[in-house]
Amino acid sequence: MILYQAPRGTSDILPHDQAYWRYIEETVADICRLYGYQRIDTPVFEDSGLFVRSIGEDTDIVEKEMYSFNDHGGDLLTLRPEGTAPVCRAYLEHGMHNLPQPVRLYYITPIFRYERPQAGRFRQHWQFGFEGLGSSDPALDAEVIEMACVLYRRLGLRDTVLKLNSIGCRNCRPQYLKCLEEYYSKKIDLLCPDCKRRLERNTLRLLDCKQESCMPLTEQAPKSSDSLCAECQDHFDFLKKYLVIFDLEFDLDHRLVRGLDYYTRTVFEIQPLGEKGAQTTLGGGGRYDDLMEEIGGRPTPGVGFATGIERMILNIKRQGIVVPPLPQPTTFVAFLGQEAKDKAVGYVAQMRREGIGAILASGNRSLKAQLRHANALGATSAIIIGEDELRDGMIVWRDMTRSEQQRLSFEDALKRLKK
RNA sequence: GUGAGUGUGGCCAAGCGGUUAAGGCGCCAGGUUGUGGCCCUGGAGAUCGAGGGUUCGAAUCCCUUCACUCACCCCA
């Protein structure tokens, strides 16, 4: 029996899957270049307080999903459970308000949440996300949303839906929450146990309940988008206008509230069409105008988006999208006998010095075995050194795809390989 | 945290109480003297997830435990 395996909810990304990762990383980097977003990398762990304050005490993440620990100095630290707060922390810490605003940043990083794993859900997963910081212009919201949609389109992911909502700001939301509370209090006997608790602690999340019994209630519930203050209404109207200009279709969903407390005004999610189950969200985000203040900075608005890389790959595979293959090793070097092996060792070193990928046969196996190996590796060509070649100062250069070969000097073979 | 399903060599998988636990993929080696991809032959590799119990006898039955998978909650 094997003594150790990857911890629950984590997995190894094996070579045969790397092509998917590179495909996404390259697409992401290209889009970010196109939209002027610059990469930022923040530590894997942060002060626990950063997450507690920004995400919210009464969220699932803070209540039961954080990987927190005391280090040897007694600091309470937490493995990053989401990407936005660290970026905001870095913005404040490095005085980025002195840069031209808005500051556009992106990250690609592992995320840790203690959850029960299932399809498309892990304890460690990767997220790609980007944030526009220092502007409350609804055009920035639109840009972020459009950029997210373009990402999926570029990856080849079709059949996605964009869900959109506005949950107001600290001026208009309290009043809305009061309405909501009143509405649900009257129906308290009909609520599921979870919702009774939500009514006490996190009213907004009542809308999120998927229980059969609560569904009809949420349908009738007051909508946040009907209670927006003038500024929020304006913001939302402009956003929708820009989305139309971008030619983006969106579904207004008054039940969309998101699971993090820091959102204000805009919230959105992108989901694959036709996938059932609740964990299929590809990505989501929104505006968080109070977050910087909450973690001790000057008031700084922001809007962002994050998407799960494993979920993108899951959908890429489901939709049968073919990703570009990783470059294969080019030339395999086979030999017969120790003397030839000595020569081969020198040759591969020289090849690599000149930028030509080379793999030396292992051990002292039969030529048949060596070529079988070359074939299995997908080598496009092979160099063979036997006794005759050693004697004549030549090598055999074999084209593995065409099954043709000829004798050349090593130097001539090098020239060919460089082309 | 709750519910369901599954655990047999690296992977897939038969076997469901009785002698040395099929088969396929993969790996290794051969098929005459220095040559791959197809084919043929052979080989290595399994304390049948772990622990306990029932039995003359268990991979096969029972209990416990662990892991994995899927679903719920919630999220990416």
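Each chain gets a letter, A, B and so on, in the order its sequence line appears, and its residues count up from 1.
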Only pairs under 3.5 Å count here: list side-chain donor-acceptor contacts from residues 61-70 of chain A, not counting sequence neighbours, and write none if there are none.
from	atom 1	to	atom 2	distance (Å)
A/Glu63	OE1	A/Arg197	NH2	3.3
A/Glu63	OE2	A/Arg197	NH2	3.4
A/Ser68	OG	A/Thr78	OG1	2.7

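On a pure distance criterion of 3.5 Å, no polar donor-acceptor pair joins the side chain of A/Gln370 and the base of B/U35. The base of B/G34 sits with one of its N or O atoms less than 3.5 Å from a complementary donor or acceptor on the side chain of A/Glu389.
The minimum heavy-atom distance between A/Thr84 and A/Tyr107, with the atom names listed, is N-OH, 4.0 Å. For A/Leu256 against A/Asn165, the heavy-atom pair with the smallest separation is O-ND2, 2.9 Å.
Counting heavy-atom neighbours within 6.0 Å of A/Gln319 CD, excluding the residue itself, gives a total above 12. More than 12 heavy atoms of other residues, nucleotides or ligands shown are found within 6.0 angstrom of CD on A/Gln406.
By the 6.0 Å and 45° rule, A/Arg123 stacks over the aromatic ring of A/Tyr114. By the 6.0 Å and 45° rule, A/Lys240 does not stack over the aromatic ring of A/Phe238. Taking the ring axis of A/Trp397 as reference, the NZ or CZ atom of A/Arg416 stays within 45° of it and closer than 6.0 Å to the ring centre.
Figure legend. B/U6 is base-paired to B/A67; pairs are counted as Watson-Crick or G-U wobble with both atom distances under 3.5 Å. Look at B/G1: its Watson-Crick or wobble partner, with both distances under 3.5 angstrom, is B/C72. Within the shown strands, nothing qualifies as a pairing partner of B/G36 under the Watson-Crick or G-U definition with both distances less than 3.5 Å. With both pairing distances under 3.5 Å, B/C27 is matched to B/G43 as a Watson-Crick or G-U wobble pair. B/C56 is paired with B/G18 under the Watson-Crick or G-U wobble criterion, all donor-acceptor distances under 3.5 Å. Across all strands shown, B/C48 forms no Watson-Crick or G-U wobble pair with both key distances under 3.5 Å.
Distance A/Lys64 NZ to B/C72 P: 14 Å, rounded to the nearest Å. Across the protein-nucleic acid pair, A/Glu115 atom CD and B/U69 atom C1' stand 16 Å apart, rounded to whole Å.
B/G57 sits 44 Å from B/A71 when the P atoms are compared, rounded to a whole Å.
No contact: A/Gly129 has no heavy atom under 4.0 Å from any strand. Residue contacts for A/Ala334: at a heavy-atom cut-off of 4.0 Å it reaches no nucleic acid atom on any strand shown. At a threshold of 4.0 angstrom between heavy atoms, the contacts of A/Leu260 are confined to the sugar-phosphate backbone, with no base atom among them. Looking at heavy-atom distances under 4.0 Å, A/Phe128 makes no contact with the nucleic acid at all. Nucleic acid contact for A/Ile309: none, since no nucleic acid atom lies under 4.0 Å from a heavy atom of the residue.
Side-chain contact check for A/Ser54 versus A/Glu294: every heavy-atom pair is 4.5 Å or farther apart.
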side-chain hydrogen bond (donor to acceptor under 3.5 Å, both in side chains) between A/Glu82 and A/Tyr262, worked out: CA-CA 12 Å; A/Glu82 68 98 37; A/Tyr262 55 60; 2.5 Å; yes
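Taking the side chain of A/Ala119 as heavy atoms from C-beta on, and the options B/C28, B/A71, B/U35, the nearest nucleotide is B/A71. When distances are taken from the side chain of A/Leu371 to each of B/U35, B/C68, B/A76, the shortest belongs to B/U35.
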Under-3.5 Å N/O pairs linking protein and nucleotides 37-44 of chain B:
from	atom 1	to	atom 2	distance (Å)
B/G37	O4'	A/Asn375	OD1	3.1
B/G37	O6	A/Ser403	OG	2.6
B/G37	N1	A/Ser403	OG	2.7

Please list, pair by pair, any protein nitrogen or oxygen found under 3.5 Å from a nitrogen or oxygen in nucleotides 2-8 of chain B.
from	atom 1	to	atom 2	distance (Å)
B/U2	O4	A/Arg116	NH1	3.0
B/U2	O4	A/Arg116	NH2	3.2
B/G3	O6	A/Arg116	NH2	3.4

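Comparing A/Pro7 and A/Phe122 against RNA chain B, the residue whose closest nucleotide sits nearer the 5' end is A/Pro7. Each of A/Gly308 and A/Leu367 has a nearest nucleotide on RNA chain B; the 5'-most of these lies closest to A/Leu367.
In this structure, A/His373 does not count as stacked on the base of B/G36 under the 5.5 Å centre distance and 30° plane angle limits.
To the nearest 0.5 angstrom, A/Thr281 atom OG1 is 9.5 Å from A/Lys163 atom NZ.
Contact annotation: A/Gln118 does not reach the phosphate of B/C70 (side-chain N/O to OP1 or OP2, under 4.0 Å).
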